[in-house]
**Q** 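Have a look at this one before I ask anything.
Values below: every heavy atom of this structure, side chains too, minus hydrogens, waters and symmetry copies.
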Number of protein chains: 2
Amino acid sequence: MKIGELAKRSGCSVQTIRYYEKEGLISAPARTGGNFRVYDSPALDKLTFIKNCRTLGLTLDEIKQLIMLQDSPGRPCEKVNGMIDEHIGIVKSRIIDLQKLHDDLKVLRQKCGQARTIEQCGILDELSPKSSI
Amino acid sequence: MKIGELAKRSGCSVQTIRYYEKEGLISAPARTGGNFRVYDSPALDKLTFIKNCRTLGLTLDEIKQLIMLQDSPGRPCEKVNGMIDEHIGIVKSRIIDLQKLHDDLKVLRQKCGQARTIEQCGILDELSPKSSI
DNA sequence: ATTGACTCTATAGTAACTATAGAGTGTAGG
DNA sequence: CCTACACTCTATAGTTACTATAGAGTCAAT
Ligand SMILES: [Zn+2]
Ligand SMILES: [Zn+2]
Ligand SMILES: [Zn+2]
Ligand SMILES: [Zn+2]
């Protein structure tokens, strides 16, 4: 199949596929006489794997590491497990940060109940430093 | 004060201050004979305002709008209030997305209890497409 | 022969900084 | 006076994972 069909089947855009190739996440496919990329179904599998990882928020570097790990099937998989654990930790702390942000924004919003003028806006007032003398 | 002191007092880095100036968020300050930037205390106030906004996740574009709004003190402040409301919405939905991600990652992690080989890793297995024939 | 859909490469843009390189300034100590 | 040191200057490139062109070429159908 050509790149357009691979894009449709994988859910990645055409440019993204070319980008992944440039970044070394997928290997360069065969070409037609007219220089078009041609992919087989293992290529679709590999791309789908990458897509699944991206959906879970793994970075391209991490995905690259996973792909490399898959080349030594006999080695223990602790690194894989560890990577997911680490990710869960990052996501958790991002959630905590956003929760705090959300609460702060709620408090800020309450400083200006109904419409006033810019001058009297409780939000702008709260954002402004009290004084820096 | 020079840029180093402003950086310390505001909590922004020196490069960030120069960047804000280039982006038009703060106005270009006076210069010494040796071409060093010199700031006064209103400049610190303005920078602190920006810092406060950034801490709440407002974009530089939004902050620019707030700064422009401050120039018409008599106008109503609905836009300010609306901006915060919109932000709260964005943060909320980001939290929801991350919660889902977190749950998905937890499920994925459970696919591989203890250490196995790469070949048998339940995580890699889950990430791999079943077949694309 | 020409249209239209598709593909190719190369390049620039996105957000908000961060990190240099290489040069100049200013001051305190010896 | 010289020099070491801390600070500042501009300009440029890098970060992440794409997205969006521009301009040219391919290919099948009409
Ligand atoms: Zn990670
Ligand atoms: Zn208001
Ligand atoms: Zn916003
Ligand atoms: Zn495992």
**Q** With no hydrogens and no angle check, is any side-chain donor or acceptor of A:S41 less than 3.5 Å from a backbone partner on A:L44?
**A**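 Not a single qualifying donor-acceptor pair exists.
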**Q** Rounded to whole angstrom units, what separation is found between the CG atom of B:L60 and the C1' atom of C:dC17?
**A**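 To the nearest whole Å, that distance equals 9 Å.
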**Q** Quickly work out the A:M1 CE to C:dC6 C1' distance and round it to whole Å.
**A**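 Distance, rounded to whole Å: 16 Å.
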**Q** How long is the line joining CG of B:N35 and C1' of C:dG26, in whole Å?
**A**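 Going from B:N35 (CG) to C:dG26 (C1'), I get 14 Å.
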**Q** How close or far is atom C1' of C:dT25 from atom NZ of B:K2, stated in whole angstroms?
**A**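 Result: 8 Å.
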**Q** Would you say B:T16's side chain and B:C12's backbone share a donor-acceptor pair under 3.5 angstrom?
**A**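 Not confirmed, B:T16 side chain does not pair with B:C12 backbone.
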**Q** Tell me, please, the opening and closing nucleotides of DNA chain D, 5' to 3', among those with an atom under 4.0 angstrom from a non-hydrogen atom of chain B.
**A**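 Both ends considered, the range comes out as D:dT8 to D:dT10.
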**Q** List the steps and the verdict of side-chain contact (heavy atoms from CB on, under 4.5 Å) for B:L60 and B:R54.
**A** CA-CA 8 Å; B:L60 296 188; B:R54 287 295 297 137; 3.5 Å; yes
**Q** Okay, side chain of B:K64, backbone of B:E23: is any donor-acceptor separation there less than 3.5 Å?
**A**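 Checked: pair present.
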**Q** Would you say a side-chain N or O of A:R18 is under 4.0 Å from OP1 or OP2 of C:dT7?
**A**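 A:R18 to C:dT7 OP1/OP2: no side-chain N or O under 4.0 Å.
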**Q** What is the distance, to the nearest angstrom, from the CD atom on A:Q15 to the C1' atom on C:dT14?
**A**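 The distance from CD of A:Q15 to C1' of C:dT14 comes to 14 Å, rounded to the nearest Å.
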**Q** Which sits closer to the 5' end of DNA chain C, A:K8 or B:T59, going by the nucleotide each is nearest to?
**A**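 Looking at the nearest nucleotide for each, A:K8 comes out on the 5' side.
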**Q** C:dT18 phosphate, OP1 or OP2: any side-chain N/O from B:S13 under 4.0 angstrom?
**A**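 True: B:S13 side-chain N/O within range (under 4.0 Å) of C:dT18 OP1/OP2.
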**Q** Has B:Y20 got a side-chain N or O lying under 4.0 Å from the OP1 or OP2 atom of C:dC17?
**A**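 Looking at the OP1 and OP2 atoms of C:dC17, one of them is under 4.0 Å from a side-chain N or O of B:Y20.
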**Q** Check the distance between C:dC17's P and B:L25's CG and give it to me in whole angstrom.
**A**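 Whole-Å distance recorded here is 9 Å.
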**Q** Calculate the interatomic distance between B:R37 atom CZ and C:dG26 atom P; express it in whole Å.
**A**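 My rounded result for the distance is 15 Å.
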**Q** Measuring from atom CG of B:L98 to atom CD1 of A:I96, what distance do you get when rounded to the nearest 0.5 angstrom?
**A**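 Taking CG in B:L98 and CD1 in A:I96, the distance rounds to 11.5 Å.
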**Q** Looking at A:R75 and B:E119, does any basic side-chain N land under 4.0 Å from a carboxylate oxygen?
**A**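 Looking at B:E119 together with A:R75, the answer is no, because their closest N to O distance does not fall below 4.0 Å.
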**Q** Does the A:R109 side chain pair with the main chain of A:C112, one donor and one acceptor, at a distance under 3.5 Å?
**A**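 Side chain of A:R109 to backbone of A:C112: a pair is present.
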**Q** Measure from CG on B:D61 to C1' on C:dA16 and round the result to the nearest Å.
**A**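 Rounded to the whole Å, the gap is 11 Å.
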**Q** Toward the 5' end of DNA chain C, which comes first, A:F36 or B:T16, by nearest nucleotide?
**A**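 Per heavy-atom nearest nucleotide, the more 5' residue is A:F36.
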**Q** DNA chain D: A:R54 or B:Y39, which has the more 5' nearest nucleotide?
**A**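 Residue closer to the 5' terminus by nearest nucleotide: B:Y39.
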